[in-house]
Protein chains: 2
Amino acid sequence: MAAQTDDSGPTIPAAIESAWGLRERPPKGPRPGMSVPAIVDTAVRVADADGLAAVSMSRVAKELGAATMALYRYVGSKDELLMLMVDTGYGPSPGPPPPDTDWRAGLTRWAWAEHEVLRHRGWLLHVPITGPPITPQQLGWMEDGLRCLDGTALGEGEKMSVLLLLTGYVRNEATLTSQVAEGGRAAGVEPSEMMPAYGRTVARLIDPARFPALHRVLTAGVLSQDDDPDDEFAFGLDRILDGIEALVRRRAA
Amino acid sequence: MAAQTDDSGPTIPAAIESAWGLRERPPKGPRPGMSVPAIVDTAVRVADADGLAAVSMSRVAKELGAATMALYRYVGSKDELLMLMVDTGYGPSPGPPPPDTDWRAGLTRWAWAEHEVLRHRGWLLHVPITGPPITPQQLGWMEDGLRCLDGTALGEGEKMSVLLLLTGYVRNEATLTSQVAEGGRAAGVEPSEMMPAYGRTVARLIDPARFPALHRVLTAGVLSQDDDPDDEFAFGLDRILDGIEALVRRRAA
DNA sequence: CCTTTCTGCGTATGTCGTACGCTGTTATGC
DNA sequence: GCATAACAGCGTACGACATACGCAGAAAGG
């Protein structure tokens, strides 16, 4: 019976372990000239300024005044860097719900907080996600979301499902609005003219006889006026919370 | 007043226009040796077999027995090819709801149909979407979804929002499950051991005092058993439909 | 038949991630 | 004080990729 170390489960990338503070500096060798947080912050700054596509290893290195390959002493791969960028990009969660907040108000605040982050950091949506969250801030968001549901009679699995449902909605809504915005910028259309332009395009393509319902939507002018994206977000959020409320009530009975 | 041609709105890529059948062959020049559909089908086959990352222009060309640059006579860019791949990959919509179907049953069928497509074509989720749908089949799905809501008192804009909400949910759920699956395959873990392994990893990282709610979820064994992903999907779907039902009832009153 | 217009595609360019190995630095064990 | 081990920085090189450009040959109109 050999001594079993605690390395059960799949291997965790070294840089993630250091994000949890589980890594000390080796006793020998030269002092590191950079640090993982400095690299990640620089990468985030590049993404904020020029988008995720601008984040290349050479660009980040140049920004730091270092050579490209120097970065690989700190992060194992670009994917690892991206994972850490997501953690930093989201930032700390909005914190546990204030006392005397019911679950619905708490989750509303939670969802709006993520909405706000994604509105300012659209590139977060373009990071290819490779697995469930294991970075500190990500799990912090989860924790605070779970706490909102503390007073309910939902099972632990149901709480988790509810959070997944909500965060999925927030991400999806943000993806849609940012796509419209980015597509418009690429085509050189004013943001306010985006939806009308899309409506005209669709109107030109479809045959009203084959797409009657879609045609009705178009003639109703739904795509002609640009709604406040926040209204759109609030609409879906209320629908989902209504659905969750039905479940919470049933469990409470 | 110059004659206004119908090229209002942003430019539509040539290959998309040909997907709508709005393009005839030029009268001169050699006969084309390939066709856009043949190229797209080949690309879809490659993605089905080896994932979206394997879809490069050179790989598709090789598969067709042609040179890389020959493809550019048919599609303007790789992005254009991807857009067409999405259209073909989704395939035709499940059709309008059968007669005497209420909106909830219709949308349930609609959502499960997309769920099924995404389960078989996980790569669809990895295609970076650059704008609102303008390809024939995509708008076909939209049309059929709208028809499900024909009998309700919802406004046209609300119908659209409801569909966006649903399709967003379906995509998000599929993204999560496929990420777990892909992440597990990359780490060499059995699919059934994925969630437990994730649970152990999180348990090792978090401090129960700082993440009490998360710790409670872990000790409840939520992540230890792997649920049927279809159950998870059905759970969220019912929540959302409950929320929509509340709205439909309010409008009907 | 000649010109126009198109197809197929070879070549070349620039960008990217990253494997490999050399050079110089630092702290430890003697 | 000195050898040595462990590490930091990074120059070079490789393979993959999207794609701009331009040339050769094919098909149809005049």
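Here is the naming used below: chain letters follow the sequence lines, and residue numbers restart at 1 for every chain.
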Where protein sits on nucleotides 20-30 of chain C, one letter per nucleotide: B base, S sugar-phosphate only, - none, heavy atoms under 4.0 Å: BB--BBBSS--

Closest-nucleotide 5' rank along DNA chain D - winner of L71(A) and K78(B):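 On the 5' side of the pair lies L71(A).
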
T167(A) (side chain) donor-acceptor with L164(A) (main chain) under 3.5 angstrom: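 No; zero donor-acceptor contacts below 3.5 Å.
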
Side-chain heavy atoms of I206(A) within contact of W20(B), under 4.5 Å: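 Yes, their side chains come closer than 4.5 Å.
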
Listed once per pair and sorted, the ring pair (Phe, Tyr, Trp, His ring centres under 6.0 Å) pairs that draw on residues 46-89 of chain A, sequence neighbours left out: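 Qualifying pairs: none.
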
All N/O donor-acceptor pairs, side-chain side in residues 43-52 of chain A, below 3.5 Å, sequence neighbours left out:
from: D48(A); atom 1: OD1; to: R121(A); atom 2: NE; distance (Å): 2.8
from: D48(A); atom 1: OD1; to: W123(A); atom 2: NE1; distance (Å): 2.8
from: D48(A); atom 1: OD2; to: R121(A); atom 2: NE; distance (Å): 3.2
from: D48(A); atom 1: OD2; to: R121(A); atom 2: NH2; distance (Å): 2.9
from: D50(A); atom 1: OD2; to: R59(A); atom 2: NH1; distance (Å): 3.3
from: D50(A); atom 1: OD2; to: R59(A); atom 2: NH2; distance (Å): 2.9

Donor + acceptor pair across side chains of S161(A), E232(B) (<3.5 Å):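 A pair is found: one side chain offers a donor N or O, the other an acceptor, under 3.5 Å apart.
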
Nearest whole angstrom, please: distance from the [atom2] of [N] to the [atom1] of [X].
| X | N | atom1 | atom2 | result |
| --- | --- | --- | --- | --- |
| I39(B) | dT7(C) | CD1 | P | 11 Å |
| L64(A) | dG9(D) | CG | P | 11 Å |
| M57(B) | dA20(D) | CE | P | 10 Å |
| R59(B) | dG15(D) | CZ | C1' | 17 Å |
| M34(B) | dC6(C) | CE | P | 17 Å |
| D79(B) | dC17(D) | CG | P | 16 Å |
| Y72(B) | dG22(D) | OH | C1' | 17 Å |

Closest-nucleotide 5' rank along DNA chain C - winner of P32(B) and A54(A):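 Checking each residue's closest nucleotide, the 5'-ward one belongs to P32(B).
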
Within 6.0 Å of CZ in R119(A), more than 12 heavy atoms from elsewhere: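 Yes, CZ of R119(A) has more than 12 neighbouring heavy atoms, counting only those of other groups under 6.0 Å.
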
Phosphate contact (dG8(C) OP1 or OP2) by Y74(B) side-chain N/O below 4.0 Å: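 The answer is yes; a side-chain N or O of Y74(B) sits under 4.0 Å from OP1 or OP2.
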
Touch class at under 4.0 angstrom, heavy-atom based, for T68(B) against every strand present: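 If one applies the 4.0 Å heavy-atom cut-off, T68(B) turns out to touch a base.
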
Sugar-phosphate only, base, or nothing, as touched by A66(A) at under 4.0 Å among non-hydrogen atoms: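 Sugar-phosphate contact only.
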
Contact summary for L64(B) and M34(B), nearest pair of heavy atoms: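 Taking every non-hydrogen atom into account, CD1-SD, 4.2 Å.
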
